[in-house]
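This chain uses plain numbering: 1 for the first residue, then up along the sequence.
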Amino acid sequence: MNTMIDEKSFDKIVQGKQVGIYTLTSHEGLKTQITNYGAKIVTLFVPDAKGDVADVVLGFSTLDEWLTQEVYFNGINGRTAGRIAGAQIEIDGETYHLTKNNGEHMLHGGHQGFNDKVWDVVEVNDSMVKLHYRSVDGEEGFPGNLDVYVTYRLEGKDLLIQYEALTDKATILNLTNHAYFNLKGEGEGKIHDHTLQVLSGEYIPYDENTMPVGDVISVEGTPMDMREGVLIADRIDDAFFAAGLGIDNGWALPGWNEGGKALRKAAVLEGGGRKMETWTTFPCMQVYSGNYVEKHVGKSGKMYDVQCAICLEAEMFPDAIHYPLFPNTILRPCEVWEHETVYRFV
């Protein structure tokens with residue numbers, strides 16, 4: 001079993017706030033450590049069918065490493081996950097120029113998105129921690145003072161992530177958790193021997209810059225068809241995806257155009273004697289196979305590299321503000337933005 005991270009290594013002041021690490025447990029043998037720096041999952045220990053326990057998310061063992069090695073490990077991406085074309089949006093006839101941190105575009109909220117912020121701890125006990133971050137009007141170019149709450153909770157074999165947000169001015173919002181999973185254990189090689197099932201018959205086409213083109217089409221007859229489950233090794237290097245890198249694509253989940261928020265099973269990942277279902281209220285599942293994780297030494301001293309983990313990012317459609325077909329990502333005053341994602345080990 002990998003060891004728990006020393007809480008003393010996170011006991012520092014950053015951005016004028018105290019950073020800590022909070023250990024949650026469940027009666028089914030799950031353990032996780034959450035830090036309020038970036039609202040990140042630091043460790044997630046899960047037993048396999050034989051009862052052997054492994055830490056199944058990538059990461060670092062010290063806060064200094066988390067501060068200096070930005071690969072979006074396991075944090076909350078916001079205000080907007082994914083890319084915003086041209087780093088520019090228009091709301092109610094007013095144009096807002098956002099931070100450009102991915103060529104001419106914005107990626108994952110800008111130079112210092114929510115994954116780089118120190119959050120406030122609202123409530124904590126043995127099985128849950130609730131975090132809050134206030135993103136002020138104009139931060140990274142976004143309008144409105146935005147209050148975001150994220151709750152991590154262990155219940156039985158479930159890791160639940162609950163989101164809530166309010167604003168005082170119309171803004172856009174697309175939050176996700178960017179957890180990197182390897183169900184064999186972090187640092188245990190590539191995820192080619194995992195199987196992946198995405199329970200969707202439609203996907204969101206991207207251009208060569210991983211930007212949506214504004215359409216939703218059938219997966220039938222394409223490498224995006226993973227409804228029956230596929231061995232990742234058989235699909236990850238397909239020319240349809242980024243050659244030599246892997247998958248970085250979005251699926252439109254069933255009911256995406258109906259406006260509902262029912263919790264439904266979106267994906268199943270299996271490997272290392274462990275099986276994880278992803279359930280969510282979000283309309284989109286972005287799958288990313290660690291295409292740019294190159295030569296990082298992780299928690300156990302093992303080297304992470306390309307395709308050594310996979311992210312199942314439940315979120316809104318990327319760059320939805322620019323495409324009328326996509327579900328709305330504008331949040332207005334007096335509205336409450338709520339979503340939930342569950343990683344369920346079965």
Side-chain angles (χ1 to χ4, degrees), residues 32 34 38-41 44 72 74-84 108-109 113-115 117 119 122-123 128-135 142 144 146-155 158-167 170-179 181 198-200 202 204 212 216 250-268 276-288 311-321 323 325-344:
T32 188
I34 307 295
K40 299 174 190 286
I41 303 169
L44 177 57
Y72 299 106
N74 317 338
I76 299 298
N77 288 352
R79 292 189 190 190
T80 55
R83 293 167 178 83
I84 300 292
H108 294 328
F114 292 179
N115 62 295
K117 299 293 187 180
W119 296 51
V122 176
E123 183 181 355
M128 64 83 69
V129 58
K130 183 175 184 178
L131 305 171
H132 165 256
Y133 177 68
R134 165 161 273 214
S135 176
F142 291 104
L146 180 74
D147 286 291
V148 178
Y149 298 85
V150 172
T151 301
Y152 290 100
R153 187 188 310 273
L154 285 184
E155 291 184 359
D158 293 354
L159 171 61
L160 295 87
I161 309 174
Q162 297 165 317
Y163 304 86
E164 182 180 328
L166 306 97
T167 185
T171 190
I172 62 170
L173 187 62
N174 181 14
L175 303 177
T176 192
N177 182 280
H178 207 294
F181 292 102
V198 181
L199 298 165
S200 172
E202 296 178 294
I204 305 163
V216 177
W251 280 257
L253 298 178
W256 66 267
N257 56 350
E258 298 172 2
K261 291 187 179 180
L263 189 68
R264 73 279 202 204
K265 185 164 64 173
V268 182
M276 184 184 78
E277 299 175 349
T278 301
W279 294 68
T280 190
T281 61
F282 283 105
C284 172
M285 174 65 69
Q286 179 77 14
V287 176
Y288 172 63
C311 305
L312 303 176
E313 306 163 50
E315 59 185 50
M316 304 301 293
F317 281 36
D319 202 23
I321 187 70
Y323 299 105
L325 177 67
F326 291 177
N328 173 56
T329 52
I330 297 177
L331 177 66
R332 299 184 180 278
C334 301
E335 295 178 346
V336 179
W337 193 92
E338 293 180 299
H339 276 285
E340 182 177 5
T341 296
V342 180
Y343 294 116
R344 176 169 296 166

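Taking the six-membered ring for Trp and thresholds of 30 and 60 degrees, H178 and Y288 have ring planes more than 60 degrees apart, a perpendicular arrangement.
Residues that satisfy the side chain to side chain contact (heavy atoms under 4.5 Å, CB included) test with L199, not counting sequence neighbours, are Q197, K265. Every residue was checked against the side-chain hydrogen bond (donor to acceptor under 3.5 Å, both in side chains) condition with Y323, not counting sequence neighbours, and none meets it. A search for ring pair (Phe, Tyr, Trp, His ring centres under 6.0 Å) contacts involving Y152 returns nothing, not counting sequence neighbours. Listed by chain and number, the residues in a ring pair (Phe, Tyr, Trp, His ring centres under 6.0 Å) with F142 amount to none (sequence neighbours excluded). Take H339 and apply the ring pair (Phe, Tyr, Trp, His ring centres under 6.0 Å) test, not counting sequence neighbours, and it matches F282, W337. With sequence neighbours excluded, no residue forms a salt bridge (charged side-chain N to carboxylate O under 4.0 Å, His left out) with R83.
Side chains of S135 and R79 form a contact here, defined as non-hydrogen atoms less than 4.5 Å apart. By the 4.5 Å heavy-atom criterion applied to side chains, W119 and I76 are counted as neighbours. Looking at T176 and Q286, their side chains never come closer than 4.5 Å, going by heavy atoms from C-beta outward. Put simply, the side chain of N177 does not reach to within 4.5 Å of the side chain of T341, judged on heavy atoms. The shortest distance between side-chain heavy atoms of P283 and F317 falls below 4.5 Å. Taking the side chain as every heavy atom from C-beta outward, C284 and F326 never approach each other to under 4.5 Å. At least one side-chain heavy atom of I41 sits under 4.5 Å from a side-chain heavy atom of L159.
Separation of atoms CD (E123) and OG1 (T151) is listed at 8.0 Å; rounding is to 0.5 Å. Interatomic distance, F181 CZ to M276 CE, rounded to the nearest 0.5 Å: 4.0 Å.
Applying the ring pair (Phe, Tyr, Trp, His ring centres under 6.0 Å) test between F114 and each of Y163, Y149, Y133, Y72 identifies Y133 as the sole match.
The shortest non-hydrogen separation linking P318 to I204 is CD-CD1, 4.4 Å. For L173 against L146, the heavy-atom pair with the smallest separation is CD1-CD2, 3.6 Å.
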